[in-house]
Number of protein chains: 2
Amino acid sequence: MMPLSEKQWQAFSEAFIYREVPKRHLLTAAGSIAREAYFINKGAGRLYFIKDGEEISANFMFEGGFITSLESFLLQIPSRQAVETLEDSELLVLSKERLDALVAQQPVFNLFNKAIAEMAFIMLQRRASSFILDSPEERYNNMLAQRPEILNRVPQHMIASYLGVTPVSLSRIRKRVSG
Amino acid sequence: MMPLSEKQWQAFSEAFIYREVPKRHLLTAAGSIAREAYFINKGAGRLYFIKDGEEISANFMFEGGFITSLESFLLQIPSRQAVETLEDSELLVLSKERLDALVAQQPVFNLFNKAIAEMAFIMLQRRASSFILDSPEERYNNMLAQRPEILNRVPQHMIASYLGVTPVSLSRIRKRVSG
DNA sequence: AGCATTAATTATCTTTTGTTAATGCACAGC
DNA sequence: GCTGTGCATTAACAAAAGATAATTAATGCT
């Protein structure tokens, strides 16, 4: 799909910088511009909105995944969502600057950009559609089936907002489902 | 942002084929592959899912907009959503085949692809976030503020599923809001 | 270990939504 | 112009979710 030469791989991997950050470390604040994207080598992160002072979780990511406020990173506009770690994490940091330089040098990396945007779109569409297609209880069951690590590694009040309900309501759903 | 030569513009515009289709004409069936994308010159269209035999509207588009099942069009995989016209429409049809040929000839058009994917992502993110951030009533008000043409041109039972509620509930929301 | 803080569950009550059914309206087709 | 079909509204009841508060469980910190 995207064959790279030895040289290109090297340039690509050298664009990333290793960084360790502690639990609950803010990577991108809401309103600021996401100048970096993060590959999670170890640990966990989340994206969240802030509404009326409340944090509303938009997504969670674990090792093997990329995390950033994508619209802000792609367009370099102020981010509507914040990014933070949930656990002590090892990150491979890719700055927008370096990515742009990479793309300028090697246009092949446009394909990388494109692939990221497409993948993100499809993931998001799956998630968005679940809100018009499924009830909160169905969304909870789907989450268990498709992303069980969320339940094990994310506090429930964060999962609640991710599912679009209150923590109290999530607790009741859990009781209904298990009981 | 994407400067094109005279020649490129010509090649681009020639890739589109004019087509008139009547109201409620199915452009892409759920489960089939979207081989075309549509620029709406006149008329209106919608994307919808089918769940338990029910049609659930995912989005509406009017003149000046593009419509297609994007994930299916981009990746040429079976579409989870159907596409149809809501009014008699004049469409400018771009087949995936022609777009690919265009991109192969003129790599500049990769930027077109990228721009489409990014824009679609951002639109979708705005919509997805409204489900975790806002109540159905707030979503209705936001729709009125941001896309008032929907209310004027789309039947309310379709708007209801678009907002994630039943037609009965939408009717009550409307009464609350206006009364 | 002990204390303080935060999270999760449970309870109670209110509000909203879903469901089903009935009514009134509008529009399409004859 | 009539008639039938489908759509929006209203009503009545059931189910689910929000809000608030109290209790229990877990976690963090010194």
Touch class at under 4.0 angstrom, heavy-atom based, for A:T166 against every strand present: sugar-phosphate
Modelled atom types, side-chain donor and acceptor of B:R174 and B:Q156, under 3.5 Å: yes
Spacing between A:E54 atom CD and C:dA7 atom P, to the nearest angstrom: 11 Å
Between C1' of D:dG18 and CG of B:D134, the distance in whole Å: 16 Å
D:dA8 OP1/OP2 closer than 4.0 Å to side-chain N/O of B:H157: yes
Earlier contact from the 5' end, DNA chain C, for A:R24 and B:I173: A:R24
Atom-to-atom span, CG of B:L151 to P of D:dC7 - whole angstrom: 17 Å
Minimum-distance nucleotide (side-chain atoms of B:V165 versus C:dT16, C:dG18, D:dA16): C:dG18
Closest to side chain of A:P136, choosing from D:dA17, C:dG18, C:dA8: D:dA17
Greater than 12 external heavy atoms within 6.0 Å of B:E97's CD: no
Nearest-nucleotide pick for A:R172, side chain only, options being D:dG18, C:dT17, C:dA8: D:dG18
Value in whole Å for how far the C1' atom of D:dA8 lies from OH of B:Y140: 12 Å
5' precedence on DNA chain C between B:S169 and A:S171 (nearest-nucleotide basis): A:S171
Phosphate OP1/OP2 of D:dT27: any A:K23 side-chain N/O under 4.0 Å: no
For atom CG of A:N152 and atom P of D:dA26, their distance in whole Å: 16 Å
Listed nucleotide nearest any side-chain atom of B:V168, set D:dT10, C:dA11, D:dA8: D:dT10
Touch class at under 4.0 angstrom, heavy-atom based, for B:R174 against every strand present: sugar-phosphate
B:I159 CD1 - D:dC7 P separation (whole Å): 13 Å
Polar contact flag, side-chain donor to acceptor under 3.5 angstrom, A:R126-A:Q146: no
Atom pair distance, as rounded to whole Å: CZ in A:R139 and C1' in D:dA17: 12 Å
Value in whole Å for how far the C1' atom of D:dT24 lies from CD of A:Q156: 14 Å
Phosphate OP1/OP2 of D:dA17: any A:R176 side-chain N/O under 4.0 Å: yes
B:R127 charged N/C atom sitting above A:F131 aromatic ring, 6.0 Å / 45°: no
Cation-pi, A:Y38 ring and A:R19 (6.0 angstrom, 45 degrees): no
